[in-house]
Amino acid sequence: MPHVNPNTVRGLKVQSFEARLAAIEKSNRRWKWMTLTLALVLLSVTGIAAGTPEKDENVPEVIYARKFVAVNDRGEPVAFMGHSKNVGMVSVAGPGGDLLVVASATDNGDGIITTYNDEGHRLVTMGASHRGDGHVAIFDQDGKQILHQPRVQPTSSGAGIIKHRE
């Protein structure tokens, strides 16, 4: 009589109910982890795709406006760019709203740049006319003028000359 394994039927392994239940639970845990991992990968890819800036086709190549005003987080103007009455101007303000730099030019070529300290006092003013002559003024921290050269004349090479007399 051939040897018969009591745990097999027709050559197939027969398991107890507990063993089969344990195998199903193990398989179920494996599928749960694989599903959770796949879901996290899909969420990560979706999050990365959503956070990646796409080329915005709504950004115009050219913007036409009479003026531009940039504001800080509190809505206070911190930069201005505009043109009115034959004068174009760019200005930048500090966090407190006080002007730091103002640059302006007229349509005929006259221009001036002025810088300010954080208390609103002028520090330096430089300007030039369309004829080529210019001026420079320097101020102390209280806004008091300490140097003024009203006519900075260019030399033949185009360099400016500043002479200060006590």
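Just so you know, these numbers use all the heavy atoms, side chains as well, and skip hydrogens, waters and symmetry mates. Keep in mind that this is a model prediction, so the values were computed, not measured.
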Which atoms form the tightest heavy-atom contact between [X] and [Y], and what is the distance?
X: Gly143; Y: Phe139; answer: O-CD2, 3.4 Å
X: Ala103; Y: Ile113; answer: CB-CG1, 4.0 Å
X: Asp98; Y: Asp118; answer: OD2-O, 3.3 Å
X: Pro77; Y: Ala93; answer: O-CB, 4.0 Å
X: Ser104; Y: Val87; answer: CB-CG1, 4.1 Å

Can His83 and Asp107 be counted as having a side-chain donor-acceptor contact under 3.5 angstrom? yes
Residues which pass side-chain hydrogen bond (donor to acceptor under 3.5 Å, both in side chains) with Ser129, listed by chain and number, not counting sequence neighbours: Asp133
Go through the structure and list residues passing salt bridge (charged side-chain N to carboxylate O under 4.0 Å, His left out) with Arg74, not counting sequence neighbours. Glu76
List, by chain and number, the other hydrophobic cluster members for [X], where Ile, Leu, Val, Met, Phe, Trp and Tyr join if side-chain heavy atoms come within less than 4.5 Å, directly or indirectly.
X: Tyr116; value: Val69, Val71, Phe80, Met89, Leu99, Val102
X: Val92; value: none
X: Val62; value: Tyr64
X: Met81; value: Ile63, Phe68, Val90

Heavy-atom donor-acceptor pair, Asn117 side chain to Gln141 backbone, under 3.5 Å: yes
Has Asp142 got a side-chain atom pairing as donor or acceptor with Lys144's backbone, closer than 3.5 angstrom? no
Using 0.5 Å steps for rounding, measure from the [atom1] atom of [X] to the [atom2] atom of [Y].
X: Thr125; Y: Ile112; atom1: OG1; atom2: CD1; result: 5.5 Å
X: Thr114; Y: Leu100; atom1: OG1; atom2: CG; result: 12.5 Å
X: Arg30; Y: Thr35; atom1: CZ; atom2: OG1; result: 12.0 Å
X: Trp31; Y: Ile24; atom1: CH2; atom2: CD1; result: 14.5 Å
X: Thr106; Y: Asn86; atom1: OG1; atom2: CG; result: 8.0 Å

